[in-house]
**Student:** 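Take this structure, written in structure tokens, and hold onto it; I'll ask about it next.
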Amino acid sequence: MIPTLKHDDIVFMYPSSDPGAYAKYGATVVACAGSPSYNDARRFEALHIHAAASMDCLLISSVDMRANPSLVEASIRDIDNNPVAIDESGNGAPNDTLRFIGCGNHPVFRAYLRKKVCEAMAGNPDGLHMSNHLGGIGIFLARGGCFCDYCLRAFWERCKTTRPAGPLSSAAENAFDAKDFRRVMKSNSAGPARAGAAGERTVALTEYIDFQLSRAAENLSQLHRIARDIVDRPITLSISADLTQVEHYIASTGCAYVTGELPHYPSQGVRGCGAAIRAYRIAEALGRPLAATAAPQDWAYIKENNRTQLVHLWIALAYACGQRFMVPHRTRCFTKEKGMEWYCGSPADYAPVYAFVRKNPSLFNGYRIAGPLRTPEKVPVSLDTHEARRALLDAIDNGNPQPMVAGDHAWVFPRTRSDGLNLAHVLTTAYDEKTGRIEKQHAVSVTLPEGLFMRNFSHATVHAFDAEPITIPVHCSSGMMSMVLPELSLWSIVSFEYWL
């Protein structure tokens with residue numbers, strides 16, 4: 001069985017220049033290790049760290065472009081068959097600043113990606129991680145994706161089988177002609193494909209995008225097989241994905257785990273965490289472990305304002321929701337004024353929070369969400385169509401569920417396990433946005449419905465990240481279970497072990 005992330009895994013996004021950092025945090029995974037040499041891979045192995053080689057599926061490097069000019073022909077095309085490129089100079093300067101975006105259906109670019117897989121896996125790492133896994137269509141979905149001859153021919157072949165209604169069906173009955181089929185697609189697409197701007201999708205364009213997303217997932221699976229064949233053993237496949245965007249769902253379901261940058265809106269303090277909680281619920285609904293971090297703009301705020309205690313909350317929140325927060329050892333931050341920089345967190349600031357996770361694996365592994373944030377019962381099994389993907393997201397958002405509340409300044413995240421074990425993560429929300437400090441709370445009253453875990457309890461054990469475990473009484477009355485946590489400084493896990 002191909003391994004995947006455990007709930008108590010500690011994930012580095014990138015390799016550390018200081019090997020000692022892994023031990024300080026108790027690292028178990030490096031998500032994006034680049035193209036590690038054989039010796040690098042063996043060093044990770046000696047440290048019991050699962051390291052995944054990483055590569056990008058979007059841009060064609062300028063070095064490769066100069067070495068192989070034919071790669072220009074493999075770039076994605078707009079509806080008028082013009083190649084699409086990104087001007088990295090930002091001012092329309094010379095052609096050597098252009099980065100062309102490859103089409104995953106073009107054989108030249110597919111060969112290029114296979115070459116990159118071979119280079120990435122040469123050191124025999126434990127996995128393969130893909131950034132920009134959707135390729136060019138991921139950036140240009142609003143415009144309909146890619147309309148090169150290879151994409152159109154493949155879609156034409158699909159139309160011959162599926163027989164969509166209207167002009168697409170008629171066009172599929174004729175011999176393939178790229179110019180003619182492009183004209184049919186153009187006349188049956190909304191503003192984005194015709195004008196190159198965002199607009200409402202027609203049925204034809206929605207079907208075309210569904211097709212391109214499925215092809216991207218197939219290409220990802222093929223690259224995974226190549227990587228697996230190179231090292232001749234099971235390896236993980238992972239991607240960087242924005243789980244708030246439904247277009248990422250098809251490829252996600254074929255991966256061992258997913259990484260992602262989630263907006264946390266740090267200037268809003270705890271109130272800015274709603275988007276992250278929603279993404280964690282989506283990951284659980286998809287059945288794919290998520291290793292998250294904050295958005296680059298968020299890290300710029302943290303760096304500028306020294307908000308380490310807010311990051312403590314982000315870490316605890318991810319694990320309370322059944323996911324993981326990647327170690328902020330070296331992470332991207334961005335502002336318009338300064339551009340891209342790096343935030344390098346100190347182990348003295350963050351290692352104690354991760355130590356709590358590694359010290360208590362039995363409080364993390366094997367549990368699922370209970371309570372109002374649990375996964376909806378009726379979610380689509382297949383996510384091949386836009387309608388199915390939207391249905392999953394609508395089910396997640398139905399009723400706008402929120403975390404349970406304890407006292408005046410705490411959230412409660414109940415979790416349950418199939419063997420009957422139950423617990424609740426209690427996180428403080430007593431964070432002062434002006435000072436960036438967390439205020440310790442005392443005598444925090446936690447009340448839960450008796451039916452939440454289908455049984456009642458007489459006592460519970462409180463595991464605090466900064467204190468030794470203690471046992472507290474649980475009182476059952478009027479259909480509710482109540483208990484009082486003597487202190488709450490950041491994060492406690494209440495384990496219910498004493499049944500009535």
Side-chain angles (χ1 to χ4, degrees), residues 4-11 29 241-244 252 257-266 268-295 298 310-328 353-354 356-358 360-376 379 392-393 395-406 410-417 421-429 431 446 448 452-453 463 465 488 490-495:
T4 186
L5 292 185
K6 301 189 302 296
H7 189 186
D8 69 329
D9 271 322
I10 308 299
V11 184
V29 177
D242 180 356
L243 294 185
T244 64
S252 298
Y257 60 91
V258 176
T259 69
E261 294 176 340
L262 305 178
H264 283 68
Y265 307 106
Q268 300 178 30
V270 176
R271 294 177 294 112
C273 294
I277 294 174
R278 180 171 179 254
Y280 297 144
R281 295 185 64 225
I282 293 170
E284 182 135 341
L286 290 171
R288 290 299 172 267
L290 171 63
T293 187
D298 299 339
L310 181 57
V311 179
H312 291 170
L313 277 171
W314 293 351
I315 298 168
L317 177 64
Y319 283 96
C321 290
Q323 307 303 333
R324 305 130 204 90
F325 196 88
M326 289 188 279
V327 173
V353 186
Y354 289 101
F356 176 58
V357 177
R358 295 301 296 164
N360 297 285
S362 63
L363 299 178
F364 294 91
N365 295 321
Y367 290 88
R368 66 181 185 278
I369 302 175
L373 298 182
R374 65 183 179 276
T375 301
V379 295
L392 184 145
L393 198 57
I396 290 290
D397 293 336
N398 184 39
N400 190 29
Q402 300 295 320
M404 301 177 75
V405 175
W411 279 338
V412 181
F413 298 87
R415 299 186 66 78
T416 186
R417 216 163 72 176
L421 295 180
N422 304 281
L423 51 78
H425 294 251
V426 185
L427 271 64
T428 182
T429 58
Y431 171 79
V446 178
L448 303 173
L452 181 64
F453 298 129
H463 306 263
F465 100 99
L488 180 62
L490 170 66
W491 176 23
S492 292
I493 301 177
V494 182
S495 177

**Student:** For a 4.5 angstrom cut-off between non-hydrogen side-chain atoms, does Leu317 reach Phe325?
**Tutor:**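 Leu317 vs Phe325: side chains apart.
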**Student:** Keeping Arg324 on the side-chain end and Tyr319 on the backbone end, is there a donor-acceptor pair under 3.5 Å?
**Tutor:** no
**Student:** Quick one: pull up NE2 in His463 and OG in Ser492 and give me the separation to the nearest 0.5 Å.
**Tutor:**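 Here the interatomic distance stands at 10.0 Å.
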**Student:** What's the spacing between Met326 CE and Tyr354 OH if we round to 0.5 Å?
**Tutor:** 9.0 Å
**Student:** Any side-chain heavy atom of Asn360 within less than 4.5 Å of one from Ile493?
**Tutor:**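 Answer no - side chains too far apart.
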**Student:** Is it the case that the side chain of Thr259 and the backbone of Ala292 share a donor-acceptor pair, with hydrogens and angles ignored and the cut-off at 3.5 Å?
**Tutor:** no
**Student:** Would you say Arg374 has more than 12 foreign heavy atoms packed within less than 6.0 Å of its CZ?
**Tutor:** no
**Student:** Where the side chain of Asp8 meets the backbone of Asn365, is there a donor-acceptor pair that is under 3.5 Å apart?
**Tutor:**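 Not confirmed, Asp8 side chain does not pair with Asn365 backbone.
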**Student:** Looking only at non-hydrogen atoms, find the nearest pair between Ile369 and Cys321 and report the distance.
**Tutor:** CD1-O, 4.2 Å
**Student:** Relative to the ring of Phe465, is the ring of Phe356 parallel (under 30°), tilted (30 to 60°) or perpendicular (over 60°)?
**Tutor:** perpendicular
**Student:** Got Leu286 and Leu392 here, is their nearest side-chain heavy-atom distance under 4.5 Å?
**Tutor:**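 Yes, close enough: below the 4.5 Å cut-off.
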**Student:** Nearest heavy-atom pair of Pro266 and Asp298: which atoms, and what distance?
**Tutor:**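 Closest approach of Pro266 to Asp298: CD-OD1, 3.1 Å.
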**Student:** My understanding is that only residues two or more places apart in sequence, or in another chain, count here; which of them pass ring-ring contact (aromatic ring centres under 6.0 Å, His included) with His312?
**Tutor:** Tyr350
**Student:** Check whether any side-chain heavy atom of Leu262 sits under 4.5 Å from a side-chain heavy atom of Tyr280, and report yes or no.
**Tutor:**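 Yes, close enough: below the 4.5 Å cut-off.
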**Student:** If you look only at pairs with a residue in residues 281-294, which of them pass as a salt bridge (Lys or Arg N to Asp or Glu O under 4.0 Å), with sequence neighbours excluded?
**Tutor:** Glu284-Arg415
**Student:** Are the side chains of Lys6 and Val29 in contact, using a 4.5 Å heavy-atom criterion?
**Tutor:** no
**Student:** Can you confirm whether Pro403 sits close enough to Leu373 that some side-chain heavy atom of one is under 4.5 Å from a side-chain heavy atom of the other?
**Tutor:** yes
**Student:** Quick one, Leu243 and Ser252 - any side-chain contact, counting heavy atoms below 4.5 Å?
**Tutor:**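 Of all side-chain heavy-atom pairs linking Ser252 with Leu243, at least one is under 4.5 Å.
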**Student:** Can you give me the closest heavy-atom contact between Phe364 and Val357, atom names plus distance?
**Tutor:**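 In terms of heavy atoms, the two residues are closest at CE1-CA, 3.8 Å.
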**Student:** How many angstroms lie between CD1 in Ile315 and CD1 in Ile10, if you round to the nearest 0.5 Å?
**Tutor:**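 Between atom CD1 of Ile315 and atom CD1 of Ile10 there are 9.0 Å.
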**Student:** Specify whether His7 and His425 have parallel, tilted or perpendicular ring planes, treating 30° as the upper limit for parallel and 60° as the lower limit for perpendicular.
**Tutor:** tilted
**Student:** State the CH2-OG1 distance between Trp314 and Thr293, to the nearest 0.5 angstrom.
**Tutor:**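 Going from CH2 on Trp314 over to OG1 on Thr293, the span is 8.0 Å.
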**Student:** To the nearest 0.5 Å, what is the distance between CH2 on Trp411 and CE on Met404?
**Tutor:**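 One gets 14.0 Å once the value is rounded to the nearest 0.5 Å.
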**Student:** Rounded at 0.5 Å granularity, tell me how far CD1 in Ile282 sits from OG1 in Thr244.
**Tutor:**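 OG1 of Thr244 is found 6.5 Å from CD1 of Ile282.
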**Student:** I would like to know whether Val446 and Val494 meet side-chain contact (heavy atoms from CB on, under 4.5 Å); could you show each step before the answer?
**Tutor:** CA-CA 10 Å; Val446 178; Val494 182; 5.8 Å; no
**Student:** Give the minimum heavy-atom separation between Ile396 and Pro376, together with the two atoms involved.
**Tutor:** CD1-CD, 3.9 Å
**Student:** Check Ala410 against Thr429 and note the closest heavy-atom contact, atom names and distance.
**Tutor:** N-OG1, 3.3 Å
**Student:** Does any non-hydrogen side-chain atom of Arg368 lie less than 4.5 Å from one of Thr375?
**Tutor:** no
**Student:** So which atom in Pro263 and which in Ala295 form the shortest heavy-atom distance, rounded to 0.1 Å?
**Tutor:** CA-CB, 4.2 Å
